[in-house]
Amino acid sequence: MEIASKYNPRAVEEKWYEFWLEKKLFHSEPDRRRPYTVVIPPPNVTGVLHMGHMLNNTIQDVLVRRARMMGKNACWVPGTDHASISTEAKVVKMLAERGINKRDLSRDEYMKYAWEWKEKYGGIILKQLRKLGASCDWDRTAFTMDDIRYESVIQVFVDLYNKGLIYRGARMVNWDPQALTAVSDEEVIYKESHGKLFYLRYFVENVERRAENGERDYIVVATTRPETIMGDTAVCVHPEDERYQWLKGKKVVVPGVGRVVPIIMDEYVDREFGTGALKITPAHDINDYNLGMKYNLDSIDIFNDNGTLNANGGKYAGMDRFACRKAIMKDLEEAGLVEKIEDYVNKVGHSERTDAVIEPKLSTQWFMKMSDIAKKALEVVEDGKIKFHPDKFRNTYRHWLENIKDWCISRQLWWGHRIPAWYLELRTESGERRTEVVVALNEEEARKIAAEKYGYTGELRQDEDVLDTWFSSWLWPISLFDGIRNPDNEEIKYYYPTDDLITAPDIIFFWVARMIMAGEEYRGEVPFKNVYFTGIVRDKLGRKMSKSLGNSPDPIELIEKYGADGVRMGMLLTAPAGNDLPFDESICEQGRNFANKIWNALRLVKGWQVETENAERKPENEVAVEWMEQRMACVLEQIEKDFDQYRLSEALMNTYKLMWDDFCSWYLEMVKPAYGTPIDKETYDATISIFERLMYMLHPFMPFVTEEVWHLLQEADSEAKAEMIAQSSIMIQHMPSSVFYDQRMLDDCTMARDVIAGVRNLRNSRGLSPKEQLELFVVCGDGKRMNSRFDSIVKKLANVSDIKYVDNKVEGAVSFMIGTTEFFVPMSQNVDVEAEKKKLEEELKYAEGFLASVMKKLGNEKFVNGAPEKVVAVERQKKADAEQKIAALKAQIENLKA
RNA sequence: GGGAGUUUAGCUCAGCUGGUUCAGAGCACUUGCCUUACAAGCAAGGGGUCAUUGGUUCGAAUCCAAUAACUCCCACCA
């Protein structure tokens, strides 16, 4: 068979992905097997695949493929998230490019464009996932705004409203002046920024008096936001601040504005900060708002929704808030009302989605009560019903839930789930107008309720706002199986709770915590059993990958360059759970090289001539097969442990070493027939079987190359069989599991490997050709010795013509030791006596030092009496071994002198 | 301001309840090899005061305390 010497992933990957799809191997239906369910963290429809997705989805695919091969009914459900704010931003931009202003469109018209956009671009990311090899059940692809998910969201809103968990109220919210919507606390990112601290003079009200008394006649207030002075309605100082006692009960004039506001005294003020005096703008700062409520202050809103000043801004009306800051400062300075300006570093809230500076703003929004539901969500993690990997995230989770605030769930956008609330105008008997709200699944229902409750039959006006995107994502593990609308359907009963959730730690509050809440509320059960938190993909300098830095490689290009298998392996190798991974393209090279290594092992094996008749089995082959089987069992046990602990990178590394070192470097070299000679059938079959199982073990990590190699490994002696193989897939084979293994056999082989390395080292350091045959003498100590079963292997791999077991050292030979066993190799050429001596003396020195430390321990009565018997025995053995070794080394040195 | 975590080889990380020669792995590095599977490779090799300082112990990379540096989360004092 002609096989290219380099593995070419491109052709192979596309072929097999198509094949898997065609055979519907990713599809799952409930059956009698145990389910294994994973729901994808739905990427935003606006997104394109980035390295974070690559990591996240590779991990999911590994777990899913492994579960599938372990006989479970694996179901990985894909889908996308409508991402209201970012999608709205994209759509508005697209409209602008076409010369359309969103404001000129009706809601329906706008939605038509938005859906159009979604249909065109929304599927890109899922298509890209296929290149990675993701084994999602594409038939189940969902969208947070498709019918089932939409209705589920509405139903949940109505339900929670009826339970009294959702309410509407005027609160201080985080306002995004660019997206023109409120956002939740979690969507505000605080960034350090270099600004100024402005010290402004607020003169006391009565101008005449200040001159008379010669008293200090103004108070200096420090602020970072002078533009908000238009909204000042008080100045606050600490009640015990001696500097300001004279101001008690007085009023001051807001500089440049002329408004007279009271001095209030409250312990909230930090006397140490600035001047110890604080201007109060209840409409534009959360703390000021609270003080305003406490002291019943006026609240003057000076901003429009887009961040420009409104009519309350007087001469600055219409100006942007930041432009206004400059203008106002200029005016105040001219008026002599500025004491000083200092540089100041503080943290400013930015919108997660648009990066606009958040404006605290008083507005009426919908909220969800969190305290009760949070308690339950905390419990299930605390008592281990849900496990976090790594466990440290439990702390973060607990802390958030214990300090949780109500969730602002309304957004002033169109793209999303429209809030199912309808308003009606009532006129009371006294002729006053009153607005009431009814919440219902649809307008018809709302009408009914309005009629029953208020006897109202007039026009209803639906709330214009939509729900926070996360208000749909939090239902994802349930709504994907239609478990909200049809809580008793077969699918939800079978697939829920899901098994593992793989996600990034930065959405632990947005998403993970809330899914747990929804699970408790709507299923009375956890939504998943394990949460695997991936790290954040960074560049090799440790920076987050971002568009603006341009430090993020394009995953698709990487796949084209290194193959999907190569990229998957690169990602996994450096990504223990919860650790950030400094990504460097070169690690994909390691993956690509590995795929090539596997490929070449295949070339070797398939190139062998197989002897079917009167085959005599070489002794080394029998031992080799036996050893490799033991070795596999041993490593399998380790890999199973690794998976139990979600240590995927360890599992991969162990599989990698098993394949490359044990199988390729050792096993294949052991059984490889000499050039031009055949291999016996028994050994050949065993080799194929081992190779196959290695492919099973690797398949979850490297699905493509393993599928290809597995197919090529199969022997077809008939056309029917060939057809059967062609139609089959590695995906549905059984993952081998660990079995009992003989540790002594493994140790014996390790010894043999050491001996081989010893001989090779000897050649290497003395410049002997590997082709020159040597003789090997083994001086049998009484303790550990070489198991002669491995002799033929040692002969073959070390190119030794004969191994002789002798009692005494051999003259004119160079030597090395393994443990306490001495090995001698006679040299045809002259031995460099001085060099040998030096080497031996160094070894001797080390052994003596080692002995000294052991003696010290054993000389310590407390150790001998205090330590466990076993440990002392080990030390005694060490002592004996060291003594023996020292004696042997000394003898060798003597020998050289003579 | 509060909390969590990290610190082991040039890099990225293992090292479970202290005790087998425990100081490890992969990559990188050095040397020698184009040996008919693979130079995307083979063979051999070098490399670390386990952040620092104390303590507990017969014994500490491992447990405790303090210190330092870094990372992240939460809070948001104008």
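We name chains A, B, ... by the order of the sequence lines, and we start the count at 1 in each one. These figures come from a predicted structure and were not determined experimentally.
Comparing A78(B), G19(B), G41(B) against the side chain of K597(A) picks out G41(B) as the nearest. The F273(A) side chain lies nearest to A78(B) when the options are C74(B), A14(B), A78(B). Set against A37(B), A4(B), G19(B), the side chain of L668(A) has A37(B) as its closest nucleotide. With distances taken from any side-chain atom of F509(A) to the nucleotides G41(B), C73(B), G19(B), the minimum falls on C73(B).
The existence of a salt bridge linking D662(A) and R753(A) is confirmed by a sub-4.0 Å separation between a basic side-chain nitrogen and an acidic carboxylate oxygen.
Contacts of residues 752-762 of chain A with RNA chain B (heavy atom under 4.0 Å): A757(A), R760(A), N761(A).
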B/S/- along nucleotides 25-34 of chain B (protein heavy atoms under 4.0 Å) is SSS-------
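R171(A) is linked by a salt bridge (Lys or Arg N to Asp or Glu O under 4.0 Å) to nothing, counting only residues two or more places apart in sequence or in another chain. When the side-chain contact (heavy atoms from CB on, under 4.5 Å) test is applied to E267(A), the partners found at least two apart in sequence or on another chain are H238(A), P239(A), E240(A). F273(A) pairs by the ring-ring contact (aromatic ring centres under 6.0 Å, His included) definition with Y344(A), not counting sequence neighbours. When the side chain to side chain donor-acceptor pair (under 3.5 Å) test is applied to Y289(A), no partner is found at least two apart in sequence or on another chain. In terms of the ring-ring contact (aromatic ring centres under 6.0 Å, His included) criterion, Y684(A) has no residue partners (sequence neighbours excluded).
Counting only residues at least two apart or on different chains, the side-chain hydrogen bond (donor to acceptor under 3.5 Å, both in side chains) pairs with a member in residues 561-573 of chain A are D61(A)-R568(A), K561(A)-E585(A), Y562(A)-E585(A). Pairs of residues two or more places apart, or lying in two chains, never qualify as side-chain hydrogen bond (donor to acceptor under 3.5 Å, both in side chains) while including a residue from residues 858-870 of chain A.
Residue E669(A) places a side-chain atom within donor-acceptor reach of the base of A37(B), judged by atom type and a 3.5 Å distance cut-off alone.
Remark: P of A37(B) and CG of L604(A) are 6 Å apart, rounded to the nearest angstrom. Nucleotide A75(B) holds its P atom 10 Å from the CH2 atom of W400(A), rounded to whole Å. Distance M855(A) CE to G59(B) P: 19 Å, rounded to the nearest Å. Here C73(B) presents its P atom at 17 Å from CG of L401(A), a figure rounded to the nearest Å. If you measure from atom NZ of K405(A) to atom P of C74(B), you get 11 Å, rounded to the nearest angstrom.
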Here RNA chain B, pairs taken as Watson-Crick or G-U under 3.5 Å and shown with ( ), [ ] when crossing and | when to another strand, reads (((((((..((((.....[....)))).(((((.......))))).....(((((..]....))))))))))))....
Residues 793-800 of chain A side chain polar contacts: donor-acceptor under 3.5 Å, at least two apart:
residue: K796(A); atom: NZ; partner: M670(A); partner atom: O; Å: 2.6
residue: K796(A); atom: NZ; partner: K672(A); partner atom: O; Å: 2.7
residue: N799(A); atom: OD1; partner: Q773(A); partner atom: NE2; Å: 3.1
residue: N799(A); atom: ND2; partner: P770(A); partner atom: O; Å: 2.8
residue: N799(A); atom: ND2; partner: K771(A); partner atom: O; Å: 3.1

Taking distance alone, no hydrogens or angles, what donor-acceptor pairs closer than 3.5 Å link side-chain atoms of residues 587-595 of chain A to residues at least two apart or in another chain?
none

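Each of T275(A) and V874(A) was matched to the nucleotide of RNA chain B holding its nearest heavy atom; the match closer to the 5' end belongs to V874(A).
Using the six-membered ring where Trp is involved, W400(A) and F509(A) have ring planes that are parallel, under 30° apart on the 30 and 60° scheme.
Within the nucleic acid shown, Y344(A) comes within 4.0 Å of sugar-phosphate atoms alone, with no base atom in reach, counting heavy atoms only.
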